Amino acid sequence: MKKYLSLQLSPVLQALGVPESIAPIFEKPRTESHGDLTTNIAMIAAKHLKTNPRQLAQQILEKLNLDKTLVDKIEIAGPGFINFRFSDKYYHAQLADILEKENQFGRSGTGNKLKTQVEFVSANPTGPLTVGHGRGAVYGDTVARLLEWTGYDVTREYYFNNAGRQMRVLGDSVRLRYLELLGEKIDFPEDYYQGEYIKEIAQHLIDLHGKNLKDEPAEGKFKQQAETEIFDDIKKTLARIGVKHDVFFNENTLYETGQVKEVIEELRKKDLAYDQDGAVWFKATAFGGEKDKVIVKATGEPTYRLPDIAYHRDKLRRGYELIIDVLGADHVATYPDVLAGIKALGYDESKIKVPIHQFVTILQEGAVVKMSTRKANFITLDELIDEVGADVVRYFFLMRGIGSHLNFDLKLAKEQSEENPVYYLQYAHARIASIIRLAESKGVDVSKSYDLSLLNQPEEISLMKLLSQFPDMVESCAATYEPHRLAEYLHDVAGSYHKFYHEHRVVGDDLNITASRIALCLATKTVLANGFSILGIHAPEKM
RNA sequence: GCCCUCGUAGCUCAAUGGACAGAGCACCGGACUUCUAAUCCGAUGGUUGUGGGUUCGAAUCCCACCGAGGGCGCCA
């Protein structure tokens, strides 16, 4: 429709002397009374032509000749908006389109199978996932789903490191608990992992090996067992909320394949790395950084930056054309170094996008809970799922923009789980399913023979309008990596349906009207179900 | 001290630079003999942190200040 309007509009604009650089932009007005699409072209162009916007709009309209079966009404409003209102017939055609495409409705080929990677979660296996990880997990997965719907070829990747200091401490934490369980007196350091799960892992080792590990080093069986068990739990937790990674990438690979070393050598060759105070530095200042950064410590160990740069080069080498790194706000300072490093190696860093999500603040009994895996005073994602269910968890994290500092009142979430917003959406779907069951039980053939032109009531038209916007919605959410707008949209669809339901009886005496309204219900059900599948929540047939 | 994200109804949050700033909770008043009341209808609620600037037009862009969270390490 936008295409059609621009096509009709551009010769008119040219005739009026509007420069070609000013192309009309159409948008959906916020309020329904302003029509279905609007353009501000008259206001923009008026400036160049030194004329009054409303007058110019009038001139445009006089020369514009549109298909009246599609566009019902054109109005000039406010300071000079031109508002287009489409005909019912246009929306009936849209409805037919939904019914035909069904679970494919909303999909597009925009992405052109672009090889894309979404990297998210990427928590090292030192403990259970927290609520904070949950936000990144759900967000990353949903962005991946959005990209799949719009025709991108998506790989979900999880990056981890099982070699660093964190993991050594983890292994030693298990070792000490192991000795403790065997009756030895131990001094458990404050900065070790305090969680109960460490004791459980230690107990498992006793079950498996008895006392035989007494003299085993921390980095051996202890670390290994901890990593295996914790990673297992992490994967299980993610699976509960519908998140599954295609690739688990171990940082260690980058050392084994020599890619880390390669990065240093190349940077040196380009004179972008140098030695000072026994360490190796990267000239980040050459790429707009505040100061140069250490990439290899005086001890010979690399800092996280070096493998990170090598990792991103590896992603590019694997042929990804679009790379999305989902990061939490605590990592905000790390990615400029990585991008600078990639640029230094001669790659196009604009292929790497880094959406950053703000923290989730947990309120418990009205007080802020400071989260720390080390101190084990976190609320695990598992516990949250236990309390409110996977659908609620996903929807809750998706219904807000990632830039907002999310306040999660745990007490409230538990208490209100019965009237959580997600049920509002799912109820609409279940309600439709129920009506269709009823219709079928009365012998109505819901699969064919309906006359969409019977749908002319205000509530029916409003609903059809919303439904027809679904593909645009998916498109723009995918382009901006903003799933929360889809969540809002679906909320509107559900609301519009509930209103329709209260005003009009679907299954009635008039078989023709019944059939057409059933068609509208089916189309609504399709849009809801398709939307839910992008958000990763269930579409219940019954509630 | 510097950098990043942000500040919108009592609370949690929306709003590609556009028209009267919107939802959900909470509170108040209505609607089940009728396809699911997990719903609907109505009412209340605002100087968009403050002060300037750009623009035909600002919650949105720019500057300053105030406040919140995060980051400024040869930790990740």
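Every chain is numbered from 1, with letters handed out A, B, ... down the list of sequences. Keep in mind it's a predicted model, so treat the numbers as computed, not measured.
Remark: the separation of the P atoms in B:U60 and B:U5 is 16 Å, to the nearest Å.
Relative to the side chain of A:Val294, the nucleotides B:C35, B:A15, B:C74 differ in distance, and B:C74 lies closest. Considering only the side chain of A:Ile435, B:C35 comes nearest among B:U5, B:A76, B:C35. Checking B:C40, B:C74, B:G18 against the side-chain heavy atoms of A:Lys499 singles out B:C40 as nearest. In the set B:U39, B:G71, B:C74, the nucleotide with an atom closest to the side chain of A:Val332 is B:G71. Distances from the side chain of A:Leu438 to the nucleotides B:C35, B:C74, B:A38 place B:C35 closest. When distances are taken from the side chain of A:Glu488 to each of B:A14, B:A68, B:C74, the shortest belongs to B:A14. The A:Glu290 side chain lies nearest to B:C2 when the options are B:C2, B:G70, B:C74.
Close to B:A37, at under 4.0 Å from its OP1 or OP2, lies a side-chain N or O of A:Tyr501. At B:A19, one or more side-chain N or O atoms of A:Arg30 fall inside 4.0 Å of OP1 or OP2 (strictly under the cut-off). For the pair A:Lys293 and B:C72, the criterion of a side-chain N or O lying under 4.0 Å from OP1 or OP2 is not met. A sub-4.0 Å separation between OP1 or OP2 of B:A37 and a side-chain N or O of A:Arg431 is present. Taking only side-chain nitrogens and oxygens, A:Ser404 comes nearer than 4.0 Å to OP1 or OP2 of B:A14.
As judged by a 4.0 angstrom heavy-atom cut-off over every strand, A:Ser434 is placed among the base-contacting residues. Counting any heavy atom pair closer than 4.0 Å across all strands shown, A:His491 reaches sugar-phosphate atoms only and no base atom. At the heavy-atom level, A:Ala430 lies under 4.0 Å from base atoms of the strands shown. Among the protein residues, A:His34 comes within range of the nucleic acid bases, having at least one heavy atom under 4.0 Å from a base atom. Looking at heavy-atom distances under 4.0 Å, A:Lys291 makes contact with sugar-phosphate atoms alone, never a base. Base engagement by A:Asn83 is indicated by at least one non-hydrogen atom pair under 4.0 Å involving a base atom. Residue-level contact check: A:Leu406 touches the backbone only, with heavy atoms under 4.0 Å from sugar-phosphate atoms and none from bases. A:Lys542 comes within contact range of at least one nucleobase, with a heavy-atom separation under 4.0 Å. At a threshold of 4.0 angstrom between heavy atoms, the contacts of A:Tyr424 are confined to the sugar-phosphate backbone, with no base atom among them. Base contact: A:Asp277 has a heavy atom under 4.0 Å from a base atom. Heavy atoms of A:His429 sit nowhere under 4.0 angstrom from any nucleic acid atom. Using a 4.0 Å heavy-atom distance criterion, A:Gly164 is classed as making no nucleic acid contact.
Taken together, the paired segments of RNA chain B that extend over three or more consecutive Watson-Crick or G-U pairs, each closer than 3.5 Å at both contacts, are B:1-7 with B:66-72, B:10-13 with B:22-25, B:28-31 with B:39-42, B:49-53 with B:61-65.
Its glycosidic angle being more than 90° from 0, B:C66 falls on the anti side.
Taking the six-membered ring where the residue is Trp, A:His245 and A:Tyr158 present perpendicular rings, their angle passing 60° and hence far from 30°.
Atom pair A:His502:NE2 and B:G42:P shows a separation of 13 Å (rounding to whole Å applied).
In this structure, a donor-acceptor pair under 3.5 Å is present between the side chains of A:His34 and A:Thr31.
Of the listed residues (A:Lys283, A:Lys343, A:Lys291, A:Lys293), just one forms a salt bridge (charged side-chain N to carboxylate O under 4.0 Å, His left out) with A:Asp337, and that residue is A:Lys293.
The backbone N or O of A:Leu425 sits nowhere less than 3.5 Å from a side-chain atom of A:His429 that would complete a donor-acceptor pair.
You can call A:Phe81 stacked on the base of B:A19; the centres are under 5.5 Å apart and the planes sit within 30°.
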